[in-house]
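Keep in mind it's a predicted model, so treat the numbers as computed, not measured.
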Amino acid sequence: MTDSHSATLMAKHARLDAQIANESRRAAPDAAQVSTLKKQKLRIKETLARLL
């Protein structure tokens, strides 16, 4: 894969991290949403590990 693909994945990983943080700070965080976001973030992390 290319560096631009890695950069895109890293940016998406950072956006997911921000979304998780925002959802977690809510008065009543949606646990299912947080779980889904964390799973997406983990898949990206695993993909990046294979690329690098």
Side-chain angles (χ1 to χ4, degrees):
M1 297 285 165
T2 63
D3 286 337
S4 65
H5 183 64
S6 295
T8 301
L9 288 173
M10 285 188 268
K12 188 170 184 178
H13 187 272
R15 279 193 307 273
L16 286 168
D17 197 36
Q19 286 178 305
I20 291 166
N22 287 338
E23 184 64 32
S24 297
R25 282 192 296 264
R26 291 181 52 191
D30 183 346
Q33 179 69 17
V34 171
S35 177
T36 299
L37 292 170
K38 285 183 177 183
K39 287 177 186 175
Q40 290 174 8
K41 186 177 162 189
L42 180 59
R43 280 194 295 272
I44 291 171
K45 182 180 177 182
E46 290 170 345
T47 301
L48 283 168
R50 285 192 303 266
L51 294 175
L52 303 175

Let me check something: any side-chain donor-acceptor pairs from residues 40-52 under 3.5 Å, sequence neighbours excluded? List them with distances.
from: K41; atom 1: NZ; to: D17; atom 2: OD1; distance (Å): 2.7
from: T47; atom 1: OG1; to: R43; atom 2: O; distance (Å): 2.9
from: T47; atom 1: OG1; to: R50; atom 2: NH2; distance (Å): 3.4

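Partners of R26 by salt bridge (charged side-chain N to carboxylate O under 4.0 Å, His left out), not counting sequence neighbours, listed by chain and number: E23. For N22, the side chain to side chain donor-acceptor pair (under 3.5 Å) test picks out R25, with sequence neighbours left out.
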Determine, step by step, whether H13 and L16 satisfy the side-chain contact (heavy atoms from CB on, under 4.5 Å) criterion, reporting the C-alpha distance in whole Å, the side-chain angles of both residues, the deciding distance to 0.1 Å, and the verdict. CA-CA 5 Å; H13 187 272; L16 286 168; 5.8 Å; no

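Q33 CD to K38 NZ: the interatomic distance, rounded to the nearest 0.5 Å, is 12.0 Å.
Within the 3.5 Å criterion, the main-chain N or O of A32 finds a donor-acceptor partner in the side chain of T36.
Minimum interatomic distance between S24 and P29 (heavy atoms only, all atoms of both residues): O-CG, 3.9 Å.
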